[in-house]
Amino acid sequence: MSEDRHSRFPDAHSDRDRAEHVPQTPQSASSAYRLAFADEDFLYREELRPVRLQLELLKSQLILDEQGIESTIVMFGGARIPSPANKESARTQTLADLSHFYDEAREFARMMTQSSIKSGGRKNVIVTGGGPGVMEAGNRGAQDVGGKSVGLSIVLPHEQAPNEYVTPELSLNFHYFAIRKMHFLMRAAAITVFPGGFGTLDELFESLTLIQTGRMERVPFIMFGRAFWEKIINWEALADAGTISEQDLDLFKFVETAEEAAEIIHNWSPEPARDSLPGRER
């Protein structure tokens, strides 16, 4: 991160270094003497959670701003979907059958990144969750054509490293799921969702809810694999029951190929956020 200083006061780095090199005495060795911003034990306290939330939001914000990222294409999807070359190792036949979406995700990312490069890599930059499966395919597709892509990783109980295709300076890591989700959507020019599990469903419904309720502007919302999504979610039943409206079914579109998704995005006419909720009168 760059730091353009316009202050007559010492900067934080200098004071931290000075404090670390004072003579060792019982007073200077005390934890109470540590500068607050350089005291990890202090920052990890339960009472400091609001500060950690702010720091996590701000660090990624500053990095993306400094890298010139103005808008993104979000790619949600399953970590367990293998590449076609590795489909024989899939845990189930269904996952093996879904492996072609790895290639569609990779091709879609290639197409979007080629357009992004024309903007100097500032607009419509691919962003994934930084993991394997569909996420890997997205970052890999961007790298295929010499573009950059973002990976928003999350610390999980099992050991996990970002996939090797994420642009290193755009490989971000999060402790708080909520802040990670904000960064997925804050710059989103389009949202794509490939087949996946609990995590993908969580991202799908949270994003749709924000658009449905008018908390987020409408963007192209594209779901790859109609057969998969209509098998696991009975969208028409929700509308028939009245728990969503018929108009809510127009908030997203199904596609099968990268080309179909790219066409929707390229032909999209910007729409404002909803100012009312269809079918829900008070």
Side-chain angles (χ1 to χ4, degrees), residues 53-54 56-58 60-65 67-77 108-109 111-112 115-116 119 122-129 138 149-150 152 154 172 174 176-194 196 199-226 229-230 233-255 260-282:
L53 283 160
Q54 183 180 17
E56 194 154 283
L57 178 67
L58 184 59
S60 298
Q61 176 83 30
L62 291 174
I63 289 173
L64 293 171
D65 285 347
Q67 288 292 321
I69 308 298
E70 296 177 7
S71 63
T72 58
I73 304 293
V74 180
M75 294 181 67
F76 294 134
F108 174 74
M111 298 174 71
M112 293 296 101
S115 296
S116 177
S119 72
R122 304 176 73 85
K123 299 181 183 296
N124 291 0
V125 177
I126 292 294
V127 57
T128 79
S149 66
V150 183
L152 305 183
I154 186 80
L172 310 176
F174 293 84
Y176 297 105
F177 265 103
I179 302 300
R180 178 177 181 249
K181 288 176 179 177
M182 285 187 67
H183 275 296
F184 266 124
L185 300 179
M186 285 168 64
R187 291 171 168 80
I191 298 168
T192 60
V193 191
F194 292 77
T200 303
L201 288 166
D202 176 51
E203 292 157 346
L204 160 67
F205 282 115
E206 180 143 24
S207 303
L208 266 182
T209 299
L210 288 169
I211 295 172
Q212 179 207 38
T213 57
R215 293 294 298 169
M216 178 179 172
E217 294 177 3
R218 285 202 59 179
V219 297
F221 200 108
I222 302 165
M223 300 170 66
F224 279 75
R226 178 189 286 269
W229 291 113
E230 290 189 339
I233 303 169
N234 193 332
W235 305 94
E236 294 294 341
L238 290 171
D240 290 344
T243 54
I244 65 172
S245 71
E246 286 287 344
Q247 293 97 313
D248 291 334
L249 298 178
D250 296 329
L251 296 178
F252 55 89
K253 295 186 181 298
F254 294 111
V255 301
E260 291 177 83
E263 183 177 358
I264 291 171
I265 292 171
H266 292 321
N267 294 324
W268 177 261
S269 296
E271 297 187 39
R274 282 181 168 181
D275 58 7
S276 62
L277 203 57
R280 186 172 163 183
E281 291 77 22
R282 296 195 178 195

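Quick note: numbers below take in every heavy atom, side chains included, and nothing from hydrogens, waters or symmetry partners. Residue numbers count from 1 along this sequence.
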How about [atom1] on [X], more than 12 heavy atoms from neighbouring residues, nucleotides or ligands closer than 6.0 Å, or not?
X: Met182; atom1: CE; value: no
X: Gln247; atom1: CD; value: yes
X: Glu263; atom1: CD; value: no
X: Glu230; atom1: CD; value: yes

(message) On a heavy-atom basis, which atom in Trp235 and which in Ile244 lie closest, and how many Å separate them?
(response)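 The pair with the smallest heavy-atom distance is O-CD1, 4.1 Å.
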Nearest-0.5 Å distance, [atom1] of residue [X] to [atom2] of residue [Y]:
X: Phe252; Y: Arg218; atom1: CZ; atom2: CZ; result: 10.5 Å
X: Leu64; Y: Met186; atom1: CG; atom2: CE; result: 8.5 Å
X: Met75; Y: Glu203; atom1: CE; atom2: CD; result: 12.5 Å
X: Asn124; Y: Ile69; atom1: CG; atom2: CD1; result: 10.5 Å
X: Gln212; Y: Phe205; atom1: CD; atom2: CZ; result: 10.5 Å
X: Thr243; Y: Leu238; atom1: OG1; atom2: CG; result: 4.5 Å

(request) Please state whether the rings of Phe194 and Phe224 are parallel, tilted or perpendicular, taking 30° and 60° as the class boundaries. (result) parallel
(request) Please report the C-alpha distance between Leu185 and Ile191 in whole Å, then the side-chain angles of each, then the deciding distance to 0.1 Å, and finally whether the side-chain contact (heavy atoms from CB on, under 4.5 Å) criterion is met. (result) CA-CA 8 Å; Leu185 300 179; Ile191 298 168; 3.7 Å; yes
Would you say [X]'s side chain and [Y]'s backbone share a donor-acceptor pair under 3.5 angstrom?
X: Ser116; Y: Lys123; value: yes
X: Thr192; Y: Phe221; value: no
X: Glu56; Y: Ile179; value: no

(request) May I ask you to decide whether Asp248 forms a salt bridge with Arg274, counting only side-chain N to carboxylate O separations under 4.0 Å? (result) yes
(request) Please list, chain by chain and in numerical order, all residues satisfying side-chain contact (heavy atoms from CB on, under 4.5 Å) with Ser115, sequence neighbours excluded. (result) His266
(message) Could you go through Leu57 and His183, starting from their C-alpha distance and side-chain angles, then the distance that decides it, and tell me whether this counts as side-chain contact (heavy atoms from CB on, under 4.5 Å)?
(response) CA-CA 8 Å; Leu57 178 67; His183 275 296; 3.6 Å; yes
(request) Starting from the C-alpha separation in whole Å, work towards a yes-or-no answer on side-chain contact (heavy atoms from CB on, under 4.5 Å) for Thr72 and Phe184. (result) CA-CA 8 Å; Thr72 58; Phe184 266 124; over 6 Å; no
(request) Show the numbers, then the answer: is there a side-chain contact (heavy atoms from CB on, under 4.5 Å) between Phe108 and Ile265? (result) CA-CA 11 Å; Phe108 174 74; Ile265 292 171; 3.6 Å; yes
